[in-house]
Engineer: 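I'd like to ask you about the structure that follows.
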Amino acid sequence: MFAFLVAQASDWITPVIDWHAVAPELVLVAGINIVLLIDLNISDAKKWVLATLTGFVMLGALLPVVTLAVIGDDSRSLFDGRYVIDEYALILKAFFLLVAYVVILMSQTELEEGGYYQGEFYVLMLCSVLGMVMMSSARDLISIFVALELLSIPAYMLAAWRKRDVKSNEAGVKYYLLGVFASGVMLYGMSFLFGATNSTLLTDIGAALTDGDLNGLEVVGVVFVICGFAFKISAVPFHTWAPDTYEGAPTPVTAFLSVASKAAGFVALVSIIFLAFPNASDVYEPLIWTLAALTMTVGNVLALRQTNIVRMLAYSSVSQGGFILMPLAFAGNSNAGGSALNAVVVYLLVYGFMNLGAFAIVIAVSRKTRSGEISSFGGLFGYAPGLAVAMTVFFASLAGIPPLGGWFAKFNAFRAVLQAETNPAYVLAAIAAVNTVVSAAYYMRVLRSVWMDDAPDGDTSPVVTPAPIVAALGITVIGTLVVGVYPNAITRFAELKDLTGAIVP
Amino acid sequence: METLTDQTWLLTVGTFLPMLGALVLMFWPKNDEAGIKGIGILTAGVTMLVGIYTLVQFDYGQSAKLQFFVDAEWIPVIKSGYTIGLDGISLPLYILSMAVTFLVMVYTWDNMPEAGNTKAFYILMLVLQTGMAGTFIAQDLILFFVFFELVLLPMYFMIGVWGGEDRRYASLKFFLYTMFGSAFMLVAFLALFFQTGAESFGFAQLIDAGAAIDRDVQIWIFAGMFLGFAVKVPMFPFHTWLPDAHTQAPTQGSVILAAILLKLGTYGFVRIAIPMLPEGAKAWAPAIGILAVIGIIYGALGCLAQTDMKRLIAFSSVAHMGFVMLGISTLTSFGINAALFGMVAHGLITGMLFFVAGSVKHRYHTLEIQRLSGMLIQMPRMGWILGFCAMASLGLPGLAGFWGEFPAILSAYQPGFGLSEPLFRTLMVVAAVGTVLAASYLLWLYQRTAFGEPSDEFKGHSDAEHDAADRGHGVAHSLSAAANDHAHDGDDAHEDIHDVQLTEWLSWTPFLVAIVVFGVYPQLMFKVMDPAVTQMVERLGASLG
């Protein structure tokens, strides 16, 4: 055995590393160490420096992403094609870094005022973002798994950050237990795939799996891997952790989980479906169709009943996940495949802006009201018209009303589905259309409180919004509006050719 | 389709100018009420001037062609462009939307709804205007959809914030109904696009390609569009949001809703659903005709059962839009011309009726028909205007309402493209009965509110009565009725029943004049619309073979 390993090791060839291509990751790694070291050596009073520093690390990592995009030659492939930097990876890396930057803006005041462990928070956040950035490029089962764990494990801790709060502990534990369980299921499925195809490289698996010729092992592998990711993206019936975790976790963390962590799950799912399962559509299409239909419907119906805004946003994010998932059910359709990829990526980008914005508003307002009830938003339009208008932008966008970003995301998802021109596609589109209306009901109910109700207890003192949150709101409002009016700003980044090696049969 | 591409900037400026005004208002100090109103009215006024310039520049000899046409890149990935243009079908509605918004804003100068916040109110009206104008110029399905939906939020807030007692319920109902319709409409748009395999979402391409789709598929796609447009019109049985929305909305909201928003639905049928899906339209025409006539009768009966003046006018809208839809369902150029005329006429007349209702409410603080009476004694001018509008609304020849209703009924005598004559002739007869009912509810309304003695409750509170009393005592009353707006403030709740005031005159006169002008000389509008309608019906004929 040992001799065998030595024999293997002697074949070791130092891989050629394209340092420019991995620069974003390197900046993050360096940033993690710097933040950690500084945190150890400064007094509590100066911890605020860390937030700023972490923000700069995010922007610093964004810099090579931009230069890579500007140089824009062919995709850069590292480690035998297991780690690929293509347009698809770049747009998503930029997205994750920007989201993380906004989340840091949102957490800053909360952490300072709450007396939480600031240094550790930012270090863990950076680790998680590193995992996400790696996920965008991972094209191998093992690198996907490593990235997934790297982004999840810090998130489990972040969810439980309010140490003295029972709910926050519950959030962390639930998230952890179910997350680990999901990882187990996924890893089990991956082992089946490896056993059946003798490779962990996605494109190799894709070549080995062929429709109509799948054996039981392969089918189980495909199903388990998808179900494992279904936990990550909180698709029904694997969504049960989401509302409790979202409600219990500190709100900026919830925003981070519901946008970045979820997006990372989708990114992995997209890579796997387009690279590894293009010829297994007989298996995954009905599975994803069902997951999507259930997710949007159940998420919506449960959201209708919520009185707490964070829980409502949790269920709303479950339901939005259904919409993001919907086009993937037709990824293997020769008409719709390309549009499906585009639809998922565009939806993620838009969803990032509007959902982060919605949470930023919740943070801003609850600083004053100290309540998470929807009714506590009453009268906001009277005493804080700016926040009320921003909130209208985000919630109307989530409901999919033009000319705010959400409409284009939804439209694009519908477009991809209908392009398939099959009966399941029409049925799913009809289900989604009904769901759009149902979702409008609860989003509008919040806006109704904001615009039409009186302030509870008649407290109309103005809301003081700290500068970082104003900045976060500015970024998200502008993003939501620009995408809605000029969708071309993002759609062109997410075409099929941008994902190296993607196949639509 | 041939297009004219002169002065391509004109429509864009006319549509987005209100947005600019809204942007300026957003940064204007909230307390400067007069400044806010001034900017709002100025923006709408300049927009109106752009509209008048458009009217002047429009080439009436070629009104079948799209003019001021622009086809710019917008979202190339989904093959949707910024394609806009104006032809004889859309011109009257485009101008109407500008005029109505401007006049409503003038009216608001003195009649701000109670909830206050002038700034937000004017911003919403300006945003609404962009949405409405944009819907009428869009020549691309996706662009149309965006504008069509853009009006949703402002109207939701307008009803919800500045509305009456039940405003929350009414606004949400309005919103969800419309959203429901448009969700299916969007699915239908996409299905149409993919079924035709068209190169873009432009109307022209889809009209060319749409006829080639299988009949069964066309029927399904038409059904989706039908949901979207029929909710907006609203057609029976999707009308139930309308009475609530109208009753609860502030006067300004009601006027805009009646005058323009309802037309987005009928316009959608004429511009999109029918030309793009000829077979689907033909298959659906009988159903649309039947629902339209049910709407006429149902609306009229609903009117007879109302105790609230505003709700009565709202139900009369259902009936009137029934006539419009009946005209459209015949698929003849005669019927569609009548429908388009009816849309504008209804916009003017019902808009005016809602104005009057708003002013009555403002003075009497009630719209209960039972409590109102003797309006002609207390406010003679207002009473006459109400009478005039009631007459116009019931379709009196010589006023605009007649030319929408009568030809629509007539067109059902001979529907196009082999549609069942017995069916449509039956519909014609029933619709004719509807006009009798219209006369009865409107005259009944007029009789109860305007004739007779003022009720005890309000007796002696009006300026007209004061003047009479003053003359009787030989005391010179130095303040004229129109100018002493708040002279009697304080001592009595009903002291402020005065006749039509300056801002009301300013905003109403154009409506009243237009009702007469189009009533006396309907050709003014028919000759603009007819070439475009005829061309559309000819194309329909070509594809229905």
Side-chain angles (χ1 to χ4, degrees), chain A residues 335-336 339 342 346 381-382 385-386 388-389 392-393 395-396 399-404 407-408 410-412 414-421 425-426 429-430 432-441 443-445 447-453 484-495, chain B residues 26 30 73-80 82 115-117 119-120 123 127 130-131 134 142-143 145-153 156-157 159-163 167-169 171-172 175-195 197 217 220 224 227:
Chain A
N335 290 332
S339 303
N342 183 280
V346 166
F381 178 59
V389 169
T392 309
V393 167
F395 279 74
I401 299 162
L404 306 161
W407 85 269
F408 185 74
K410 282 219 165 82
F411 168 83
N412 224 11
F414 275 115
R415 185 177 78 105
V417 170
L418 289 167
Q419 200 165 2
E421 298 189 36
Y426 292 129
V434 173
N435 270 303
T436 308
V437 185
V438 177
S439 72
Y443 293 128
M444 285 303 125
R445 211 179 49 194
L447 292 186
R448 187 164 71 175
S449 263
V450 170
W451 283 68
M452 303 171 201
D453 289 350
V485 176
Y486 188 64
N488 211 30
I490 54 164
T491 42
R492 56 204 175 91
F493 291 121
E495 291 178 34
Chain B
M26 230 171 255
K30 195 177 172 176
E73 199 170 74
W74 181 39
I75 322 176
V77 183
I78 60 164
K79 296 175 182 164
S80 169
Y82 179 70
N117 205 331
K119 180 172 160 177
I123 291 176
V127 175
T130 294
I142 303 307
L143 191 65
F145 175 77
V146 170
F147 281 124
F148 190 84
E149 296 287 282
L150 180 59
V151 301
L152 214 53
L153 270 187
Y156 170 72
F157 289 126
I159 300 173
V161 177
W162 290 273
R167 56 183 192 272
R168 285 162 218 211
Y169 169 75
S171 56
L172 196 61
F175 191 91
L176 292 182
Y177 260 78
T178 321
M179 188 93 186
F180 177 80
S182 40
F184 281 94
M185 184 179 82
L186 181 64
V187 172
F189 284 178
L190 283 164
L192 173 71
F193 174 73
F194 290 123
Q195 289 291 335
V217 180
W220 276 105
L227 270 181

Engineer: Given a strict heavy-atom distance threshold of 4.5 Å, which part of A:Q419 is in contact with chain B: side chain, backbone, both, or neither?
Structural biologist: both
Engineer: Taking the six-membered ring for Trp, are A:W407 and B:F145 parallel (under 30°), tilted (30 to 60°) or perpendicular (over 60°)?
Structural biologist: tilted
Engineer: Would you say A:T392 and B:F157 make side-chain contact, with heavy atoms under 4.5 Å?
Structural biologist: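 Contact flag for A:T392/B:F157 side chains = yes.
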Engineer: Show your working on side chain to side chain contact (heavy atoms under 4.5 Å, CB included) between A:F411 and B:L190 and close with a plain yes or no.
Structural biologist: CA-CA 9 Å; A:F411 168 83; B:L190 283 164; 3.7 Å; yes
Engineer: Among A:V437, A:N342, A:V434, which residue has the highest count of heavy-atom pairs closer than 4.5 Å to chain B?
Structural biologist: A:V437
Engineer: Side chain, backbone, both or neither: which part of A:I401 has a non-hydrogen atom closer than 4.5 Å to chain B?
Structural biologist: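 The answer is the side chain of A:I401.
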Engineer: Which bit of B:S182 comes within less than 4.5 Å of chain A, counting heavy atoms only: side chain, backbone, both or neither?
Structural biologist: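 Neither; nothing under 4.5 Å.
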Engineer: Measure A:N412 against the heavy atoms of chain B and call it side chain, backbone, both or neither at under 4.5 Å.
Structural biologist: side chain
Engineer: Chain A heavy atoms under 4.5 Å from B:K119: which part of the residue, side chain, backbone, both or neither?
Structural biologist: neither
Engineer: Report the option among B:F175, B:Y177, B:W162 that has the most heavy-atom pairs separated by less than 4.5 Å from atoms of chain A.
Structural biologist: B:F175
Engineer: To the closest 0.5 Å, what do you measure between OG1 (A:T436) and CG (B:L186)?
Structural biologist: 8.5 Å
Engineer: With a 4.5 angstrom heavy-atom cut-off, could you sort out which part of A:V485 is near chain B: side chain, backbone, both or neither?
Structural biologist: backbone
Engineer: What heavy-atom pair brings B:A183 and A:A433 nearest, and what distance separates the two atoms?
Structural biologist: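 So the two residues come closest at CB-O, 3.6 Å.
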Engineer: Less than 4.5 Å to any heavy atom of chain A: does that hold for the side chain of B:L176, its backbone, both, or neither?
Structural biologist: both
Engineer: Which atoms of B:F180 are under 4.5 Å from chain A, going by heavy atoms: the side chain, the backbone, both sets, or neither?
Structural biologist: both
Engineer: Output the distance between atom CG (B:L192) and atom CG (A:L418), rounded to the nearest 0.5 Å.
Structural biologist: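 So the CG of B:L192 and the CG of A:L418 are separated by 11.0 Å.
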Engineer: Test B:F194 against A:N335 for side chain to side chain contact (heavy atoms under 4.5 Å, CB included), laying out the working first.
Structural biologist: CA-CA 10 Å; B:F194 290 123; A:N335 290 332; over 6 Å; no
Engineer: Over all heavy atoms of both residues, which pair between B:Y169 and A:R448 is shortest? Give the atoms and the distance, please.
Structural biologist: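 Shortest heavy-atom contact: N-NH1, 4.5 Å.
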Engineer: Of the options B:L153, B:V127, B:V146, which is the one that meets A:P403 in a side-chain contact (heavy atoms from CB on, under 4.5 Å)?
Structural biologist: B:V146
Engineer: Checking heavy atoms, do the side chain of B:L150, its backbone, both or neither come under 4.5 Å from chain A?
Structural biologist: both
Engineer: Which residue out of B:E73, B:R168, B:Q195 racks up the most heavy-atom pairs below 4.5 Å with chain A?
Structural biologist: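 Ranked by contacts with chain A, first place is B:R168.
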Engineer: Under a 4.5 Å heavy-atom cut-off, does chain B meet the side chain of A:F408, its backbone, both or neither?
Structural biologist: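 Just its side chain gets close to chain B.
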Engineer: Answer yes or no: is there a side-chain heavy-atom contact under 4.5 Å between A:P487 and B:W74?
Structural biologist: yes
Engineer: Dump the intermediate steps for side chain to side chain contact (heavy atoms under 4.5 Å, CB included) on B:I159 and A:M452, then the final yes or no.
Structural biologist: CA-CA 10 Å; B:I159 300 173; A:M452 303 171 201; over 6 Å; no
Engineer: Could you tell me which of B:F189, B:F184, B:Y82, B:F193 has the largest number of non-hydrogen atom pairs under 4.5 Å with chain A?
Structural biologist: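 Option with the top pair count is B:F184.
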Engineer: Can you name the nearest heavy-atom pair linking A:G382 to B:K30, along with the distance?
Structural biologist: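 Scanning both residues, the minimum pair turns out to be O-NZ, 4.2 Å.
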